[in-house]
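Working notes, structure below.
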Amino acid sequence: MNILHRYTVRTLQKNKVRTLVTIIGIILSVAMITAVTTSVSSLLHYLMNVTIQSDGSWHGMYYGMSAEQYEELKALTEVNETVALQSEGYARIDSPVIERKPYLFIGAMSSGFSDTVPVKLTAGRMPQNSNELLLPESYFHSGAPAVKLDQQITLAVGSRCDEDGTALFQQNPYEEGETFLPGEARTYTVVGFYEGLKQDTYYSAGYTLLTVAKVEVGAMQNVFFKLHHMEETYSFMESKRFDTLYGKANEDLLMYNGHINEPSLALTLGGMAAIIGAIIFFSSVSLIYNAFSISVSERTKQFGLLSSVGATRKQLLRSVLFEGSALSLIGIPLGVGAGILGMWITFMCTSDMFSAVFGSGTGTAFSLHVSWLSVVLAAVLGFLTILVSAYIPARRAARVSAIEAIRQSKDVNIKAREIKTSRLTQRLFGFEGTLAAKNFKRSRKKYRATVFSLFISIVLFISASSFCSYVTAGAADIVSRPEYDLIYRFNEAENDPEQLLAMLSAAEHVTDAQYYYCLLYTSPSPRDVEE
């Protein structure tokens, strides 16, 4: 440590109040930056967990992959893990409720399938062998015969093919004129019910029934895979290895891990991040700059004395930057801790709101997640903000000559008639206002930083409030709240909708009532009725 640095440390120790105020400013600035980075990290981690519980942890999938293609996929060095849902065949529904879904699809799960693709049980247990079956809740609305837990059902499992004789699978929608070839009758024991696979599309021709695969690799399967490097998923699937197959990526999971394949979405998120970053940066600079500006203004005479004994401008500039670095060693760790503590308290109070909006039905709790990247980013941004805040006044002070610095002619520069105040100031603000006005005119630089900070505070407040208003309005368009208070589901076969509407409308405190038909599901689950 050279003599200038030692002199800077002694100056900080001598002016304890100013040093403490500067450290508090650094703590507030770094805490604000940490709050933002930690909030983003926690929200992304929460949304990623919600996606894993609702959609699965797989990176990409292919429909209708043959055994040879599956072995080729598993042998690739980029692939880390694979699971498959093998096609055991289809069973025809005699009187399907929905014309485009006239089949029951029997899918056989490979080992570890439910760990990668979520299978949410609503009753019963998971199948343990190829003779046990798991039915989706949509089965009860398919038109197939009603079943109960531990009941045995016999299905004529066959295959589908189009007019040219080409085999059809779940990725192929139902076609008029396709042929169903019934096969051998198989008997299964129903051991549970589940919500249904999200990978089944609206146009899937069959309701997916799950069992356990007999062999590791079947003739045809839907394959879910994970790569060693998640960020390579899009480029992997855009390659020509399996261009004859229909595949898709787990886009939500990839997005929450920072891998976005949509340029417009990346541009939108980048713009929002730039706006938030600019707001934080300017507010932090204005906060810390005020403290360093006052410090440099008070030390101007010291700089003049040091310049008179040979200190160069670079040495004076480095002295102020050293002061900022020394204070950051105390302020940054405390600021990071204060930001993390503040967000932990905030999330403790608002976790239920996030769960209700983003994670409804998943059981995922919103909590604080502190990643090393968020802490390092907050510390680096805070340190850069401190250096910028200290550099601006230090550069200005270093340009002052030794004589001007000792005389402080730049700080206090009074010209004729400049300290005179009007009678209106005396009448409006009294003696105190007149004295303050004269003091401002004697040394404008002493209060310029304060005025600038107030200006920035107002601008930031308006910018932040407007930004929040726009985001809230946009979120309200996406997550619309229902206008009704209560909803009653009924079966048209057992209740006349007009009579039910009249009865509910006549109930006390009811101001309005309506009913509508659900075209996809026309009857409740028999299992629900019995319960």
Side-chain angles (χ1 to χ4, degrees), residues 1-37 277-307 311-339 375-400 405 408 410-411 445-454 456-457 460:
M1 183 182 296
N2 58 38
I3 187 171
L4 286 177
H5 291 174
R6 290 198 298 268
Y7 184 73
T8 301
V9 172
R10 291 184 61 183
T11 302
L12 292 175
Q13 294 174 348
K14 183 178 180 181
N15 299 275
K16 295 181 180 180
V17 175
R18 178 167 51 81
T19 302
L20 180 61
V21 171
T22 306
I23 291 176
I24 292 176
I26 294 174
I27 291 174
L28 292 176
S29 175
V30 176
M32 184 166 50
I33 299 174
T34 305
V36 175
T37 58
I279 292 175
I280 295 172
F281 177 78
F282 282 112
S283 60
S284 300
V285 168
S286 63
L287 178 65
I288 304 175
Y289 168 82
N290 189 16
F292 279 102
S293 178
I294 296 173
S295 173
V296 171
S297 178
E298 293 179 354
R299 294 181 61 190
T300 302
K301 189 172 183 179
Q302 296 178 2
F303 291 160
L305 294 174
L306 293 173
S307 298
T312 64
R313 292 183 179 181
K314 289 185 178 181
Q315 289 176 327
L316 297 178
L317 182 60
R318 290 174 182 173
S319 175
V320 178
L321 295 180
F322 173 77
E323 177 182 344
S325 301
L327 294 177
S328 65
L329 292 177
I330 303 174
I332 288 179
L334 294 177
V336 170
V375 174
V376 171
L377 182 62
V380 171
L381 291 178
F383 184 68
L384 292 177
T385 302
I386 295 169
L387 292 183
V388 171
S389 303
Y391 177 80
I392 297 174
R395 186 169 178 267
R396 184 180 66 246
R399 291 179 177 179
V400 180
Q408 292 188 325
K410 292 291 186 179
D411 291 337
K445 290 183 179 180
K446 286 187 176 181
Y447 72 91
R448 188 175 297 169
T450 304
V451 174
F452 177 75
S453 298
L454 292 175
I456 291 294
S457 299
L460 294 175

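Atoms considered below: every heavy atom in the structure, side chains included; atoms not considered: hydrogens, waters and symmetry mates.
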>> Evaluate Met32 against Leu28 for side-chain contact (heavy atoms from CB on, under 4.5 Å), listing each step before the verdict.
In response: CA-CA 6 Å; Met32 184 166 50; Leu28 292 176; over 6 Å; no
> Which residues pass the side chain to side chain contact (heavy atoms under 4.5 Å, CB included) test with Ile330, sequence neighbours left out?
Replying inline: Ile23, Leu334
>> For Ala31, give me all partners under side chain to side chain contact (heavy atoms under 4.5 Å, CB included), at least two apart in sequence or on another chain.
In response: Ala338
> Do you know which two heavy atoms are closest between Ile332 and Val30, and how far apart they sit?
Replying inline: O-CG1, 3.7 Å
> Rounded to the nearest 0.5 Å, how far apart are CD of Glu323 and OG of Ser328?
Replying inline: 11.0 Å
>> Counting C-beta onward and ignoring hydrogens, is there a side-chain heavy-atom pair between Ser325 and Ile386 closer than 4.5 Å?
In response: no
> Considering residues at least two apart in sequence or located in another chain, which fulfil the side chain to side chain contact (heavy atoms under 4.5 Å, CB included) criterion with Leu381?
Replying inline: Ile33, Leu377
> Between Thr385, Leu387, Val380, which is the residue that forms a side-chain contact (heavy atoms from CB on, under 4.5 Å) with Phe383?
Replying inline: Leu387
>> To the nearest 0.5 Å, what is the distance between OG1 on Thr22 and CG on Leu327?
In response: 6.0 Å
> What is the minimum heavy-atom distance between Thr37 and Thr34, and which atoms define it?
Replying inline: OG1-O, 3.1 Å
> Side chains of Leu20 and Lys16: closer than 4.5 Å at any heavy-atom pair?
Replying inline: no
>> Using modelled atom types and a 3.5 Å cut-off, is there a donor and acceptor pairing between side-chain atoms of Ser29 and backbone atoms of Gly25?
In response: no
